[in-house]
2 protein chains.
Amino acid sequence: MADRDDVLGAAQRLLNADPTASMAAVAEAVGISRATLHRHFDSREALLVELGTRSLDRWEQRLDEAEEQALEAGEDPGRLRAVLEELVLAYVDDSDAFAFALTDHVILANAALVERTQVLADREAALVAAAQEAGVLRRDLPLRWFGHVTYGLLVAAREAVRIGDIAPRDAGRLVLSSLLAGVGAP
Amino acid sequence: MADRDDVLGAAQRLLNADPTASMAAVAEAVGISRATLHRHFDSREALLVELGTRSLDRWEQRLDEAEEQALEAGEDPGRLRAVLEELVLAYVDDSDAFAFALTDHVILANAALVERTQVLADREAALVAAAQEAGVLRRDLPLRWFGHVTYGLLVAAREAVRIGDIAPRDAGRLVLSSLLAGVGAP
DNA sequence: CTCATTTGAGACAACCATGTCTCAACCCCG
DNA sequence: CGGGGTTGAGACATGGTTGTCTCAAATGAG
């Protein structure tokens, strides 16, 4: 008997591979009947919103950890940098599982999720601001730009792994290095 | 009377905003009837494949220009770097128009388009290799990774502009600078 | 002006996904 | 063993999209 979380997990995996998968396909992937799936989630949209919420929960959790460590780090550039690096690596770990939620149009059209996304982006921007002041990040770039670039590199890594251009285990290093130092020769 | 190219252009604009738009919606956006739209394209898939082809045509065109300039540049690092910068800026200009084609699942599932994408990616990789040898790009990164990172930053810029976090006119500079130098403090 | 061509509007069948419902089979807890 | 609860299979109505077709109106070239 599939737990609600099992259902969400399997649905997430399937929808990551094929965002247009029907409820019937989701049910089959989970290993339950369509009727039972509808007993868990009233509608397809309800399922998608739940997946979006799940992704934001994880993001928030990562931010919680990073903020806590940032507090301990104070204004120490080295430690702040380490906090940021750990945060980005955590994102890379999560990106494969949550990529779907970040691009699906049903989810992106949900007002509550969009609003919460903005709140989290702001919290992230605060971390970035601290890092800028400590001299860890460039000061000539807009605060919010850092988050977008990070997201873009997660997209890049996910696709590169999918195609087979890079090994999964290299993704974190490549993202982090390209994010901080760029791909141009020093 | 809408030209076939007008149709493609309008369809591209609409599908960029809403990738799930129906043929009826496309026809309305173009300003023609559904029947006439079907006279241009047998099926929705045919329309999407045409859009994908159009995007790849543009990409190829940009590569043609870059390769020509790279030939003239020889092994001169400064000139090679300028060629790459111009290429990336051209991508930024195109990204808004062609973003849809790069993410749509129907298009990504088309074998011919995927194959052609690989060919173009290889040509791009050759440019990257030359730049690496000239000391313009880092040598410790996989050849194909550069293309992925560039693509990721295009996604980032597009989204940042859409949200309103950066001004459209700043997109090129931000992408180029973040791509080559990263967002970490020097 | 005339006629061939193109277009729009609408009807149409086919298909697919959604959401609801029923009922029989199953499970497991007592 | 018995019964309450859960599940699967399937039927069902509904709505939306696709692709085809017809026919009348509009268009434009000669």
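Convention: sequence-line order gives letters A, B, ...; per-chain numbering from 1.
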Self-check item: Nearest listed nucleotide, side chain of A:M23, among D:dT20, C:dT18, D:dG8
Solution: C:dT18
Practice problem: Please state how far atom CZ in B:F41 lies from atom P in D:dT20, giving the value in whole angstrom units. | Solution: 15 Å
Quiz item: What is the distance, rounded to the nearest whole Å, between atom NE2 of A:H40 and atom P of D:dG8?
Solution: 9 Å
Quiz item: Between D:dG19, C:dG19, D:dT7, which nucleotide has the shortest distance from any of its atoms to the side chain of A:T36?
Solution: D:dT7
Quiz item: Once you round it to whole Å, what is the distance between P of C:dG19 and CZ of A:R44?
Solution: 9 Å
Exercise. Using whole Å, report how far CG of A:L47 lies from C1' of C:dG19.
Key: 14 Å
Exercise. Please report, rounded to the nearest Å, how far the C1' atom of D:dT6 is from the NE2 atom of A:H38.
Key: 17 Å
Quiz item: Does a side-chain heavy-atom distance below 4.5 Å link A:L56 with A:E60?
Solution: no
Quiz item: Under the criterion salt bridge (charged side-chain N to carboxylate O under 4.0 Å, His left out), which of B:R58, B:R158, B:R54 is the partner of B:D94?
Solution: B:R58
Quiz prompt | Set of residues satisfying side chain to side chain contact (heavy atoms under 4.5 Å, CB included) with respect to B:L143, sequence neighbours excluded | solution = B:A125, B:V128, B:A129, B:Q132
Practice problem: Please report the shortest heavy-atom distance between B:A10 and B:V30, naming the atom on each side. | Solution: CB-CG2, 3.7 Å
Polar atom pairs between nucleotides 9-13 of chain C and protein, under 3.5 Å, N or O only, would you list them?
none

Quiz item: Are A:D93 and A:F98 side-chain neighbours, meaning at least one heavy-atom pair lies under 4.5 Å?
Solution: no
Quiz item: Tracing side-chain links under 4.5 Å among I, L, V, M, F, W and Y, which residues wind up in one group with B:V155?
Solution: A:L102, A:Y151, A:V155, B:L102, B:Y151
